[in-house]
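Note on naming: letters A, B, ... go to the chains in the order of the sequence lines (proteins, then strands), and numbering restarts at 1 for each one.
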Protein chains: 2
Amino acid sequence: MRRSSEDTKALILRAAREHFAADGYDRATIRAIAATAGIDPSMVIRYFGSKERLFATAADIDLRLPDLGEVPRDQVGNALAAHLVDRWGDGDVLPILLRTAVTNEGAADRMRTVFAGQLAPLIIKLVDDPSEAPARAGLAATQALGFALCRHVLALPPVLAMSREETIAWLGPTFQRYLAGPR
Amino acid sequence: MRRSSEDTKALILRAAREHFAADGYDRATIRAIAATAGIDPSMVIRYFGSKERLFATAADIDLRLPDLGEVPRDQVGNALAAHLVDRWGDGDVLPILLRTAVTNEGAADRMRTVFAGQLAPLIIKLVDDPSEAPARAGLAATQALGFALCRHVLALPPVLAMSREETIAWLGPTFQRYLAGPR
DNA sequence: GTCTATAATTCGATAGAC
DNA sequence: GTCTATCGAATTATAGAC
């Protein structure tokens, strides 16, 4: 079957994200990705050069964080908690990064980049004392990533069972204190 | 060189924990573990049967959680935060489990077992309403594992830079609310 | 643009000598 | 108890025909 170059690349990327999210970097083989995409394994190398570069492309995604500057200051915690439960679910980028960043140094570096480039700048606009911004952003990251880890990767039963409303009620105040509360 | 059976097993286990913690399950090869232990790769199989059983033995450790029943009720949050920063550091079990649980189903299952067998029972003694215990234990796990992940695995700079006192001051109130606070 | 065939590694695990 | 030697399987990546 003949396809356009772009179509094939998109097919491969979609399959790659699926496998990287489900199995992590090592167990996600080029062969399995190609099988899911319905093409030959050699095509993957042809288009992306190597497995490492395929991963870099697959994991280079926008976390699409909400603009917390638009919500009332006393609601930023709830807004972030809502975003966390609504958008960072299964099939999103976050599980991919979590599953890979722990064993792949390139992915860990990407995680630090995403953190520094997308989460931290967003926090700076909220904090009174700019010198406190990095620590506050880091704290928000520990709770956000910990929740995603327990819910979508480890599947801890009680965390999996929490409803959207429960999650916001519990995590919202935590984020509120980390982002805009007293230190 | 001749050693006792127990000495060799201990050598292998120590090297295995080192490699599993640093590289995760897949990248921690039996060959590399044997090289660190200074013995032949075939000895690993001889003593533990398979890589999977070696991992099960290496990861079967006591988290040695503090007995939160012995501290004043309004101090359990700080006590857990202190334990988190003091004991669950580099070289401990937690990084091993984190690095492996994300890509190895057996390790993920072990993580759920550790959670259900060690953390949850400890929480039950603190909570007034027993029906709330699982959710509260799960919430504490999200913050605890998220902190360990960001600090010891991802090495996010601001999280890495936090002192023991800062960590307790920030995380203590969070744990306090999850464990013994209003819902 | 797609495929077959295969090179070059690397891994887990086994057999058997000493 | 320890080692050498090796098997069989799986992987990434390449070369080249169509």
Side-chain angles (χ1 to χ4, degrees), chain A residues 1-60 96 99-100 102-107 110, chain B residues 1-60 96 99-100 102-107 110:
Chain A
M1 174 171 42
R2 302 276 289 198
R3 290 187 209 84
S4 77
S5 175
E6 287 306 315
D7 285 352
T8 303
K9 282 186 81 163
L11 271 176
I12 294 172
L13 272 180
R14 202 177 123 182
R17 293 202 176 98
E18 200 173 304
H19 277 84
F20 281 134
D23 302 327
Y25 184 83
D26 292 298
R27 302 183 99 93
T29 68
I30 288 184
R31 292 169 137 83
I33 291 169
T36 298
I39 50 97
D40 192 85
S42 64
M43 300 294 295
V44 178
I45 302 292
R46 176 176 172 86
Y47 280 123
F48 294 92
S50 71
K51 183 182 180 179
E52 190 69 37
R53 287 219 294 279
L54 169 64
F55 170 74
T57 308
D60 181 23
I96 302 182
R99 276 229 156 79
T100 49
V102 292
T103 50
N104 185 270
E105 186 48 39
R110 184 163 299 273
Chain B
M1 174 171 43
R2 302 274 292 196
R3 292 186 210 84
S4 77
S5 177
E6 285 306 316
D7 286 351
T8 302
K9 281 186 83 162
L11 272 176
I12 295 173
L13 272 180
R14 203 177 123 180
R17 292 201 177 99
E18 202 172 303
H19 281 266
F20 282 134
D23 303 326
Y25 184 83
D26 291 298
R27 301 183 101 92
T29 68
I30 287 185
R31 291 168 141 84
I33 291 169
T36 297
I39 50 98
D40 193 84
S42 64
M43 300 294 295
V44 178
I45 301 294
R46 178 177 170 85
Y47 280 125
F48 294 93
S50 70
K51 183 181 180 179
E52 189 69 38
R53 287 220 294 280
L54 168 64
F55 170 75
T57 308
D60 181 23
I96 301 182
R99 275 228 156 78
T100 50
V102 292
T103 50
N104 184 271
E105 185 49 40
R110 185 163 298 272

Enquirer: Between protein and nucleotides 13-18 of chain C, what N or O pairs are separated by less than 3.5 Å?
Expert:
{"from": "dA13(C)", "atom 1": "OP2", "to": "K51(B)", "atom 2": "N", "distance (Å)": "3.0"}

Enquirer: May I have the distance from I33(B) (atom CD1) to dC11(C) (atom P), rounded to whole angstrom?
Expert: 11 Å
Enquirer: Not counting sequence neighbours, which residues clear salt bridge (charged side-chain N to carboxylate O under 4.0 Å, His left out) with D40(B)? List them please.
Expert: none
Enquirer: Verify the contact: side-chain N or O of Y47(A) to OP1 or OP2 of dT2(C), cut-off strictly under 4.0 Å; return yes or no.
Expert: yes
Enquirer: Please state whether the rings of F55(A) and F20(A) are parallel, tilted or perpendicular, taking 30° and 60° as the class boundaries.
Expert: perpendicular
Enquirer: Could you give the CG-to-P distance, from D23(A) to dT11(D), as a whole number of Å?
Expert: 11 Å
Enquirer: Please identify each residue that fulfils salt bridge (charged side-chain N to carboxylate O under 4.0 Å, His left out) with E105(B), with sequence neighbours left out.
Expert: R112(B)
Enquirer: So if I take residues 5-16 of chain A and measure heavy-atom distances to DNA chain C, which residues fall below 4.0 Å?
Expert: S5(A), T8(A)
Enquirer: Can you sort out the partners of R46(B) under side-chain hydrogen bond (donor to acceptor under 3.5 Å, both in side chains), two or more places apart, ordered by chain and number?
Expert: none
Enquirer: Provide, to the nearest angstrom, the distance between the CG atom belonging to D26(B) and the P atom belonging to dC11(C).
Expert: 12 Å
Enquirer: Looking only at side-chain N and O atoms, does R3(B) come under 4.0 Å of OP1 or OP2 in dG1(D)?
Expert: no
Enquirer: Just to verify, what does R53(A) make a side-chain hydrogen bond (donor to acceptor under 3.5 Å, both in side chains) with, not counting sequence neighbours?
Expert: none
Enquirer: Sequence neighbours left out, what passes side chain to side chain contact (heavy atoms under 4.5 Å, CB included) with T36(A)? Give chain and number order.
Expert: A15(A), E18(A), H19(A)
Enquirer: Counting heavy atoms from C-beta on, name the nucleotide in dC11(C), dC3(C), dT2(D) closest to the side chain of M43(B).
Expert: dT2(D)
Enquirer: Take atom CG of L54(A) and atom P of dA13(D), then tell me their distance rounded to the nearest Å.
Expert: 10 Å
Enquirer: Report the residues that fulfil side-chain hydrogen bond (donor to acceptor under 3.5 Å, both in side chains) with S4(B), sequence neighbours left out, ordered by chain and then residue number.
Expert: D7(B)
Enquirer: For R14(A), which residues count as a salt bridge (charged side-chain N to carboxylate O under 4.0 Å, His left out) partner, sequence neighbours excluded?
Expert: none
